[in-house]
Amino acid sequence: MTFLRIAPEPAESDSGAMTHTAPERLAGAAAYTRALLQDFGGYLLSLGLLSLGGILLLPMITVSLTPAELGLFSLVDTALTQGLTLGLLGLKFSYLYYYAHLPAGERPLLLGNTLILSGAGSLVVGALLAGLFGNAAVMAQFDAAPLPMAWLLMPLLFTGAAQVVLLTELRAARHVKLSGVIAAAQLVLLLGCSYWMVVEQGYGLPGLLGAQLIAQGIATLVALVLLLPRLTFDFDIARSQRLLRYGLPMMGGLTLRYALDTICRFLIAALVSIEAAGLFLVVNRIASLFESLLAMPFLMAFGSLVHHALRQSDAARILGRISSVMLTAGASFALLLLALREPLFLVLAHDPLPGSAGMFALLLLSRLVMTVRSPLTAGMLRDGRTGWAVGNSALALALFLAAIWPAAYLAGATGAAAALLAANLFASIRLGLIARPLCPQQVQPQAWMLTALLGGAAAAMLVFGDLPLVVWSMLLVAAAAIALHQCRHARVIPVL
């Protein structure tokens, strides 16, 4: 049944006022690189800025929550991420795929159908999570108390799923500025509400979740109102089946991928202590600077272009250039974060935590591996089949489960982070080998040199802890020289 039918917004205005070219009109490696960099900048100021909220909250929650509450928040945090993945049913991937392949006139129906399906899925998953976190017997298995006001998880997942779908529409149409305004407003709301509810009122963890719900709910409502002109709420069984047929395998693969982090935190709580899970949260949140300032903006920009790029005759050349640039930027930025580890921890966690240096290095390497996996394995998306995602992630999960018990026993949370890296690396290498014949990319050797430099620095931190300033100075100078040479070779600097 159709409840609302309004004409969609055109891809470009007749006056040419929109500065971004519609993705279906791009052609050639230079055009795609330019579009990727433009969108990256926009998403850095929007979704990247918003994701910084979790990091900016660290100084507040580390002094306001007890170690046990911090550990419980670590479990809730990863469960919300996993729950959102399940509730979305892989529909954000379906939406991007069919947005690129269907006529523009069908996009409002596609958006409405996606919102209905994801809303239903997120409510079911939210109810299950609320029941689990509110159950004292279940939480006792993880050295934790039940979550007060666990029902908040339901509306958190519902509004989160709706927001992801609405932002995916903006992402597909390359309307980055609007998502930036929404994200900035949501960040301000999140920080303000969190300070009032956690610090001023002393509501603890429930106050933190309530503040997130208020900020997320208002941002989602604003996005929905702004996107009404390009939205038609319509549920069609045949369309829903197509969306789920493409999305569910992607959901399965992504769920298994996120399951590594989720199971890692729960097992740290069960095998070590709930306080150790809290420490993992702190280190992981600071490592997520890589995700907020580089990985997330890149993946958002890349996701809106990849299906269009794969339809080009020179797809391998386009994706090879993108993979080289991403690997270079990722390795360089990770190396910089490692060099700045002590001051970052001092500012964000009020404690340099010298014993966490190795864990921090391992978590950064995991993030780099997961980020470059997308462009390096993009050839797997060429034929529209997605069943491979579940099998590959299942193998990674099996490897992780086999490794985490001995690793956590020998090295605690740092050992768990090592098992996480091993599983992500295995999944990426295996999928890359399968995808290469489908889209044979050529990654520049300078990118691999930078990656090797980063790996060496991370290995040294595992053995010796934080390295002397003179060592970091030499490593950063070498990395800057290699990155500059790579950027010139890939013609990134003239593009910028």
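Just so you know, residue 1 is the first one in the sequence shown, and it goes up from there.
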task: Go through Leu84 and Ser122 one step at a time and tell me if the side-chain contact (heavy atoms from CB on, under 4.5 Å) criterion holds.
output: CA-CA 7 Å; Leu84 186 59; Ser122 61; 5.8 Å; no
Are [X] and [Y] packed together at the side-chain level, in the sense that at least one heavy-atom pair is separated by less than 4.5 angstrom?
| X | Y | value |
| --- | --- | --- |
| Trp405 | Leu267 | yes |
| Leu395 | Leu399 | no |
| Leu397 | Ile263 | yes |
| Phe290 | Leu363 | no |
| Leu231 | Leu224 | yes |
| Thr114 | Thr168 | no |
| Leu111 | Thr232 | no |
| Ile182 | Leu166 | no |

Quick check for you: to the nearest 0.5 Å, what is the distance between [X] atom [atom1] and [Y] atom [atom2]?
| X | Y | atom1 | atom2 | result |
| --- | --- | --- | --- | --- |
| Leu209 | Met197 | CG | CE | 9.5 Å |
| Leu337 | Leu364 | CG | CG | 5.5 Å |
| Leu294 | Phe40 | CG | CZ | 5.0 Å |
| Leu91 | Leu96 | CG | CG | 11.0 Å |
| Gln163 | Gln186 | CD | CD | 4.5 Å |
| Cys193 | Gln212 | SG | CD | 11.5 Å |

Any donor-acceptor pair under 3.5 Å from [X] side chain to [Y] backbone:
| X | Y | value |
| --- | --- | --- |
| Ser74 | Ala277 | yes |
| Ser356 | Met359 | no |
| Arg239 | Leu110 | no |
| Thr85 | Thr81 | yes |
| Thr78 | Leu75 | no |

Donor-acceptor pairs under 3.5 angstrom involving side-chain atoms of residues 135-158: please list them, not counting sequence neighbours.
unit_1	atom_1	unit_2	atom_2	d
Asn135	OD1	Ala137	N	2.9
Asn135	OD1	Val138	N	3.1
Asp143	OD2	Ile274	N	3.2

- prompt: Taking the inter-plane angle between the rings of Phe298 and Phe302 on a 0 to 90° scale, is it parallel (under 30°), tilted (30 to 60°) or perpendicular (over 60°)?
  reply: parallel
task: Report yes or no: is the cationic atom of Arg341 (NZ for Lys, CZ for Arg) closer than 6.0 Å to the six-membered ring centre of Phe345, at no more than 45° off its axis?
output: yes
task: Take Leu420 and Leu362 through the side-chain contact (heavy atoms from CB on, under 4.5 Å) test and state the conclusion after the steps.
output: CA-CA 8 Å; Leu420 199 62; Leu362 292 169; over 6 Å; no
Identify the two heavy atoms, one from [X] and one from [Y], that lie closest to each other, and give their separation to 0.1 Å.
| X | Y | value |
| --- | --- | --- |
| Ser374 | Leu299 | OG-CD2, 3.5 Å |
| Leu365 | Ala458 | CD1-CB, 3.6 Å |
| Ala162 | Thr220 | CB-CG2, 3.7 Å |
| Ile268 | Phe280 | CD1-CD1, 3.6 Å |
| Arg373 | Ser428 | NE-OG, 2.8 Å |
| Cys264 | Phe400 | CB-CZ, 3.5 Å |

Leu410, CG: over 12 other non-hydrogen atoms inside 6.0 angstrom: yes
- prompt: Would one find more than 12 heavy atoms of other residues, nucleotides or ligands at under 6.0 Å from atom CZ of Phe426?
  reply: yes
Contacts under 3.5 angstrom, residues 53-65 side chains, donor-acceptor by atom type, not counting sequence neighbours:
unit_1	atom_1	unit_2	atom_2	d
Thr62	OG1	Leu58	O	2.7
Thr62	OG1	Pro59	O	3.4
Ser64	OG	Met60	O	2.8

- request: Scan for salt bridge (charged side-chain N to carboxylate O under 4.0 Å, His left out) pairs involving residues 69-79, sequence neighbours excluded, and state none if there are none.
  value: Asp77-Arg265, Asp77-Arg285
query: Checking side-chain hydrogen bond (donor to acceptor under 3.5 Å, both in side chains) against Asn113, which of Ser240, Ser94, Ser118 comes through?
result: Ser240
Residues Met370, Arg367; criterion side-chain contact (heavy atoms from CB on, under 4.5 Å); working and verdict: CA-CA 5 Å; Met370 292 176 68; Arg367 278 174 162 75; 5.8 Å; no
